[in-house]
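Shown next, in structure tokens, is the structure this report addresses.
Sequence lines set the chain letters: A, B, ... in the order given, protein chains first and strands last, and positions in each chain run from 1. The basis for the numbers below is simple: all heavy atoms, side chains too, and nothing from hydrogens, waters or symmetry mates.
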Amino acid sequence: MHDIKLIRDNPEAFDRAIARRGVAPLSANLIELDRKRRSAQTEFDELQGKRNTLSKEIGAAKAKKDEARATELMTEVAALKDRLGILEVEQKAHEEALTDALSRIPNLPAEDVPDGLDEKGNVELRRTGAPKNYSFKPKEHFDLGEGLGYMDFANGVKLAGARFTVVKSQLARLERALGQFMLDLHTSEFGYTEMQPPMLVNDATAFGTGQLPKFGDDLFRTTTGYWLIPTAEVPLTNLARDLIIDESELPWRFTALTACFRSEAGAAGRDTRGMIRQHQFNKVELVSIVSPDKSVEEHERMTEAAETVLKRLDLPFRTMLLCAGDMGGAARKTYDLEVWLPGQDQYREISSCSNCGDWQARRMNARCRAPGEKQTRFVHTLNGSGLAVGRALIAVMENYQNEDGSISVPDALKPYTNGLIKIEKVGK
RNA sequence: GGACAGGUGGCCGAGUGGUUUAAGGCAGCGGUCUUGAAAACCGCCGUACCUUUACGGGUACCGUGAGUUCGAAUCUCACCCUGUCCGCCA
């Protein structure tokens with residue numbers, strides 16, 4: 001959500017900024033809508049004030065038993081009614097139109113975000129860790145998983161449909177270990193508080209983080225009107241909704257391991273094999289709520305927390321700075337972490353860390369106040385995957401595979417696997 | 001799911017159509033007093049929007065939305081939420 005006052009003051013700058021995201025100029029329309037809204041409201045307020053005064057006089061006249069005077073005043077007020085009704089409807093209509101228009105515009109890119117319309121414009125910032133040399137041709141995760149008998153795509157289809165998988169036995173154990181490891185890291189070393197939020201949310205919550213009104217098609221919805229969360233960012237960020245938080249309490253840092261549900265409406269045909277793109281997957285999410293002057297440094301800190309997961313797992317990755325056209329609508333600036341997948345012979349996204357500035361905070365009406373100050377300010381919100389657990393499982397499988405199709409357990413996960421150090425086919 | 005009771009400012013709580021401009025209290029902030037503190041006393045003490053160069057002025061908000069009325073925290077309707085009991089249930 002954008003601040004109409006800012007647009008009013010800097011219309012050209014606003015149009016230039018949204019142009020970087022491929023959006024046509026909007027400021028002239030918005031300003032006109034705002035002008036109409038304000039003119040209706042001003043007149044409405046004045047008339048309403050007049051009515052309130054007269055109504056009070058009616059009360060006074062009746063108290064004095066001056067019925068003649070009261071009747072006279074009542075006809076005077078009655079004359080205001082029609083105009084008042086028209087103005088109220090007009091004001092509300094303009095306000096709704098303005099809010100709706102503003103809520104559909106993506107966030108403005110930060111100044112240090114590069115130009116570009118799609119992923120080709122992203123900038124590689126650094127590479128960490130080097131891909132291993134394999135003395136054999138590394139397999140993709142689905143071949144490894146099926147070879148071990150621990151990744152069952154047929155039963156995923158049987159139980160649910162395409163883009164669902166049943167993970168079994170030692171591999172399920174490994175996935176659980178990954179989640180525990182990540183949560184422990186973020187809570188004990190980076191100060192995040194572990195949460196178990198609802199995985200079904202209402203309209204207001206889905207609106208707050210920006211899924212609604214534009215992207216409802218990407219979500220699953222229950223027949224009772226709940227939305228299945230596409231990421232724990234949605235419930236965790238909305239914890240700040242409708243609050244005025246004392247700035248001495250900030251930052252708030254939350255983490256959660258939840259299932260995430262995505263309809264993948266626009267991804268037909270992409271990544272159809274394997275577990276890369278599922279309707280349901282587990283993810284450890286990081287969310288920070290900070291005062292407005294702290295979000296830039298918090299963004300770096302959060303990205304470091306996500307990178308640390310990959311470093312501890314000794315998985316090679318690169319850090320990308322997304323260009324203006326490739327970011328999600330809520331973000332001002334986004335870093336993607338892409339993990340090396342030797343089976344696929346390429347880097348694949350495993351984390352995305354975004355600074356949303358005040359864009360979500362305005363939608364949620366999430367504010368803060370410095371001690372002793374009267375003025376409230378919108379908080380800044382940040383979210384990042386730390387990491388996508390399903391994809392981390394894939395990355396471990398492909399990077400730690402052995403020639404015989406078994407998978408070594410990374411050192412960092414050994415405390416979580418109850419003695420299991422190698423995943424291999426057991427029994428029949 | 002059924003029955004009943006509720007939802008008022010940061011918190012408690014009064015308020016069933018018009019001097020209510022939401023009483024009073026607590027907490028908080030400032031002041032007087034005090035070596036300092038406490039107590040006492042005095043004052044301040046919500047959010048947003050519109051308007052104004054400014055000082056200021058105005059409007060809305062008593063769970064949400066609609067309605068009745070010249071006028072609604074108060075009356076009507078719908079919905080949401082909370083509590084208690086019953087039923088069901090991990």
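B:C55 sits 26 Å from B:C42 when the C1' atoms are compared, rounded to a whole Å. Across the C1' atoms, B:C70 and B:G65 are found 24 Å apart, a figure rounded to whole Å. Comparing B:G28 with B:G18, their C1' atoms are spaced 34 Å from each other, to the whole Å. Nucleotides B:G15 and B:A22 are separated by 8 Å at their C1' atoms, to the nearest Å. For the C1' atom pair drawn from B:U52 and B:G58, the interatomic distance equals 11 Å after rounding to whole Å. Using atom C1' as the reference point in both B:A27 and B:C44, the two lie 14 Å apart (nearest Å). The separation of B:C86 from B:A72, taken at their P atoms, amounts to 43 Å, rounded to a whole angstrom. Comparing the P positions of B:U64 and B:U8 gives an interatomic distance of 10 Å, to the nearest angstrom.
A straight line from CG of A:L47 to P of B:G71 spans 12 Å, rounded to a whole angstrom. Distance, A:K36 NZ to B:C49 C1': 20 Å, rounded to whole Å. Distance A:D246 CG to B:C29 P: 12 Å, rounded to the nearest Å.
Nearest-nucleotide mapping onto RNA chain B: of A:I244 and A:E57, the residue sitting toward the 5' end is A:E57. Mapping A:K5 and A:G59 onto RNA chain B by nearest heavy atom places A:G59 at the nucleotide closer to the 5' end.
Remark: B:G1 base-pairs with B:C86; criterion is Watson-Crick or G-U wobble with both hydrogen-bond distances under 3.5 Å. The base-pairing partner of B:A22, taking Watson-Crick or G-U wobble contacts with both distances under 3.5 Å, does not exist among the strands shown. With a cut-off of 3.5 Å on both Watson-Crick or G-U wobble distances, the partner of B:U35 is given as none. For B:A54, there is no paired nucleotide, since no Watson-Crick or G-U wobble pair has both relevant distances below 3.5 Å. Shown here, B:G46 forms a base pair with B:C61; the pair counts as Watson-Crick or G-U wobble because both key distances fall under 3.5 Å.
Applying the salt bridge (Lys or Arg N to Asp or Glu O under 4.0 Å) test to residues at least two apart or on different chains, the pairs with a partner in residues 254-270 of chain A are A:E264-A:R277. Residue pairs meeting the salt bridge (Lys or Arg N to Asp or Glu O under 4.0 Å) criterion with at least one member in residues 1-15 of chain A, sequence neighbours excluded: A:D3-A:R362, A:R8-A:D34. Residue pairs satisfying the ring-ring contact (aromatic ring centres under 6.0 Å, His included) criterion with at least one member in residues 228-277 of chain A, sequence neighbours excluded, are listed as follows: A:W252-A:F254.
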N/O-N/O pairs, protein side and nucleotides 64-66 of chain B side, under 3.5 Å:
{"residue": "B:A66", "atom": "OP1", "partner": "A:K92", "partner atom": "NZ", "Å": "3.3"}

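Applying the side-chain contact (heavy atoms from CB on, under 4.5 Å) test to A:I244 and every residue at least two apart in sequence or in another chain returns A:R367, A:R369, A:T376. Among residues two or more places apart in sequence or in another chain, the side-chain hydrogen bond (donor to acceptor under 3.5 Å, both in side chains) test is passed with A:S354 by A:T334. Residues passing the side-chain hydrogen bond (donor to acceptor under 3.5 Å, both in side chains) test with A:T165 are A:Q278, sequence neighbours excluded. Applying the side-chain hydrogen bond (donor to acceptor under 3.5 Å, both in side chains) rule to A:R253 yields the partners A:E298; only residues at least two apart in sequence or on another chain are considered. Under the rule for a ring-ring contact (aromatic ring centres under 6.0 Å, His included), the partners of A:H279 that lie at least two apart in sequence or sit in another chain are A:F164, A:F220. With sequence neighbours left out, A:E304 forms a salt bridge (Lys or Arg N to Asp or Glu O under 4.0 Å) with no residue at all.
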Within the 4.0 Å limit for protein heavy atoms, which parts of nucleotides 56-61 of chain B are touched? Write it as a string from 5' to 3', B for base, S for sugar-phosphate only, - for none. --BSS-

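Note on A:L73: nothing from the nucleic acid sits closer than 4.0 angstrom, heavy atoms only.
Two residues are said to be in side-chain contact when any heavy atoms from C-beta on lie closer than 4.5 Å; A:K56 and A:T53 fail this criterion.
Only A:R367, A:R369, listed by number, bring a heavy atom of residues 360-369 of chain A to less than 4.0 angstrom from any atom of RNA chain B.
Atom OG in A:S352 sits 4.0 Å away from atom CG in A:D336 (nearest 0.5 Å).
Checked for salt-bridge contact, A:R38 and A:D45 miss the test: no charged N lies under 4.0 Å from a carboxylate O.
Of the listed nucleotides (B:U47, B:G71, B:U51), B:U47 has the atom at the smallest distance from the side chain of A:T376.
The phosphate of B:C50 (OP1 or OP2) has a side-chain N or O of A:R37 nearer than 4.0 angstrom. Proximity of A:R38 to the phosphate of B:C49: no side-chain N or O atom is located under 4.0 Å from OP1 or OP2.
A:T255 places no side-chain N or O within 3.5 Å of a backbone atom of A:E194 that could act as its donor or acceptor partner.
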